Each structure stands twice: as C-alpha cells, then as structure tokens.
Trainee: 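Okay, here's the structure, questions in a sec.
The structure presented is a predicted model; accordingly, all values stated were derived computationally and were not measured. Position 1 is the first residue of the sequence, and the numbers go up from there.
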Amino acid sequence: MLQNIEFGFTNAHRRNPRLNDRNINTAIRCALLGSHPEDDLVAKAYVFLVQIRELRSEVAADVWNDGLRVVLGSIQNHSGLRLGETEYLDFVAQFVVEIAVVLHLKLLLARDFG
C-alpha cells in the first residue's frame, strides 16, 4: 500500500515537476483531515491520492490512514519542506524505479518459464 502511495506521488511529480514535498505533505494532511486543498498544485496531488485510494479500496480506512501517517513521517525525515524542495520525492523515486524493474522481471520470468 505504501508503495502505491509513493509510486503515485512519484509519477505525479514526473508529470508535473513543480510538484514538491510541501505539496505532497499538504495533500496527505488534507486527506487525513477530510478537507479539500485550495491550492491547485496541492489539489492535483490530492487527486492522485484519491485515485490511489480507490485502487486500494479493500484496505480498511484506519490502515489506510496509518499508511498516510507513515508517508508523512518519511517526508519529514527526508525533507525540510522548504518551498520547491523535492528531497523526499527524489529519495522515493530511487525505490520506485527498483520496484518497477523487479516487477517487470518477475512478469517476464512468469511469462517465459510459467
């Protein structure tokens, strides 16, 4: 589930490089509080988060919210949350790429060796 959240934010950042750690942090806080963000860039991050939540609808709400809190902690550990900073997003992007490669290799092996 955490990978889904981080993958979504990493992809959102790739699509819109203006998206930064502070935007992600605010979007998650809005989701936890049940409020809708006013800032357009934060709103885009929030929409990605809502879409990921819909994909993982089988996850209980309390587990989902705990996951969001874990991501918030990771953002705070890896970012100073300064305007425009992407330290967290850059950190997570390393692992998202590695996971994508591993999943692709597993799919190839399953296809070729059944």
Side-chain angles (χ1 to χ4, degrees):
M1 177 185 77
L2 295 176
Q3 292 171 350
N4 297 133
I5 295 168
E6 292 172 335
F7 180 76
F9 284 140
T10 301
N11 280 336
H13 176 64
R14 281 192 197 119
R15 292 179 184 164
N16 187 343
R18 293 184 318 128
L19 189 65
N20 59 61
D21 297 342
R22 187 186 285 186
N23 302 136
I24 301 298
N25 186 69
T26 304
I28 292 173
R29 289 185 183 284
C30 286
L32 286 169
L33 296 172
S35 62
H36 192 78
E38 294 178 19
D39 179 86
D40 287 340
L41 203 50
V42 174
K44 289 179 183 184
Y46 180 84
V47 167
F48 272 101
L49 190 56
V50 169
Q51 291 170 343
I52 295 162
R53 178 66 180 125
E54 289 171 359
L55 286 172
R56 296 304 307 266
S57 61
E58 81 282 2
V59 175
D62 59 332
V63 174
W64 175 259
N65 289 338
D66 286 346
L68 292 180
R69 288 184 196 94
V70 169
V71 174
L72 274 179
S74 184
I75 293 169
Q76 292 168 357
N77 286 336
H78 296 284
S79 177
L81 296 173
R82 290 176 290 277
L83 187 61
E85 186 173 346
T86 61
E87 295 298 316
Y88 164 76
L89 287 164
D90 297 339
F91 172 75
V92 169
Q94 303 168 59
F95 300 103
V96 168
V97 169
E98 289 175 18
I99 290 167
V101 168
V102 169
L103 289 175
H104 182 72
L105 290 173
K106 284 182 178 182
L107 288 172
L108 290 175
L109 288 172
R111 182 194 70 195
D112 294 341
F113 300 103

Trainee: Can you see which heavy atom on Q76 is nearest to which on N25, and at what distance?
Mentor: NE2-OD1, 4.2 Å
Trainee: Using every non-hydrogen atom in the two residues, find where N23 and A45 come nearest and quote the distance to one decimal.
Mentor: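 Reported closest heavy-atom pair: O-CB, 4.4 Å.
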Trainee: Rounded to the nearest 0.5 Å, how far apart are CG of L2 and CH2 of W64?
Mentor: 9.0 Å
Trainee: Should I5 and V70 count as side-chain neighbours, where that means a heavy-atom distance under 4.5 Å?
Mentor: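 Counting from C-beta outward, I5 and V70 never come under 4.5 Å.
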Trainee: Measuring from atom CG of D40 to atom OH of Y46, what distance do you get when rounded to the nearest 0.5 angstrom?
Mentor: 15.0 Å
Trainee: Are side-chain N/O atoms of R14 and N11 paired as donor and acceptor at under 3.5 Å?
Mentor: yes
Trainee: Between H13 and T86, is the side chain to side chain contact (heavy atoms under 4.5 Å, CB included) condition met? List the steps.
Mentor: CA-CA 9 Å; H13 176 64; T86 61; 3.7 Å; yes
Trainee: Look up atom CG in L83 and atom CG in N20, then write down how far apart they are to the nearest 0.5 Å.
Mentor: 6.5 Å
Trainee: Taking C-beta and beyond as the side chain, do E85 and L81 meet within less than 4.5 Å on heavy atoms?
Mentor: no
Trainee: Would you confirm whether N16, through its side chain, and A12, through its main-chain N or O, come within 3.5 Å as a donor-acceptor pair?
Mentor: no
Trainee: Which atoms form the tightest heavy-atom contact between G8 and F48, and what is the distance?
Mentor: O-CD2, 4.1 Å
Trainee: Please report the closest heavy-atom contact between A31 and L49, naming both atoms and the distance.
Mentor: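 Here A31 and L49 meet closest at CB-CD2, 3.6 Å.
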Trainee: Between R53 and V59 (side chain of the first, backbone of the second, donor and acceptor by atom type, cut-off under 3.5 Å), is there such a pair?
Mentor: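 A pair under 3.5 Å: yes.
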Trainee: What closest approach, in Å, do V42 and A27 show between heavy atoms, and which atom pair accounts for it?
Mentor: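 Of all heavy-atom pairs spanning V42 and A27, the closest is CG1-N, 3.7 Å.
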Trainee: Enter the distance from H78:NE2 to D90:CG here, rounded to the nearest 0.5 Å.
Mentor: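 That separation rounds to 11.5 Å.
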Trainee: With rounding to the nearest 0.5 angstrom, report the CD1 to CZ distance, I75 to F9.
Mentor: 6.5 Å
Trainee: Would you say N4's side chain and I52's backbone share a donor-acceptor pair under 3.5 angstrom?
Mentor: no
Trainee: Roughly how far, to the nearest 0.5 Å, is the CD atom of E38 from the OG1 atom of T26?
Mentor: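 The OG1 atom of T26 sits 11.5 Å away from the CD atom of E38.
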Trainee: Linking I/L/V/M/F/W/Y whenever any side-chain heavy atoms sit under 4.5 Å apart, do V50 and L55 land together?
Mentor: no
Trainee: Nearest heavy-atom pair of H36 and C30: which atoms, and what distance?
Mentor: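 The answer is C-SG, 4.5 Å.
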Trainee: Do F91 and E6 come within less than 4.5 Å of each other through their side chains, counting heavy atoms only?
Mentor: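 A side-chain contact is absent here, since even the closest heavy-atom pair is not under 4.5 Å.
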Trainee: Among side-chain atoms of N65 and D62, is any donor-acceptor pair under 3.5 angstrom?
Mentor: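 On atom types as modelled, these side chains do not qualify, holding no pair under 3.5 Å.
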Trainee: Would you say L19 and V47 are hydrophobically clustered, going by side-chain heavy atoms of ILVMFWY under 4.5 Å?
Mentor: no
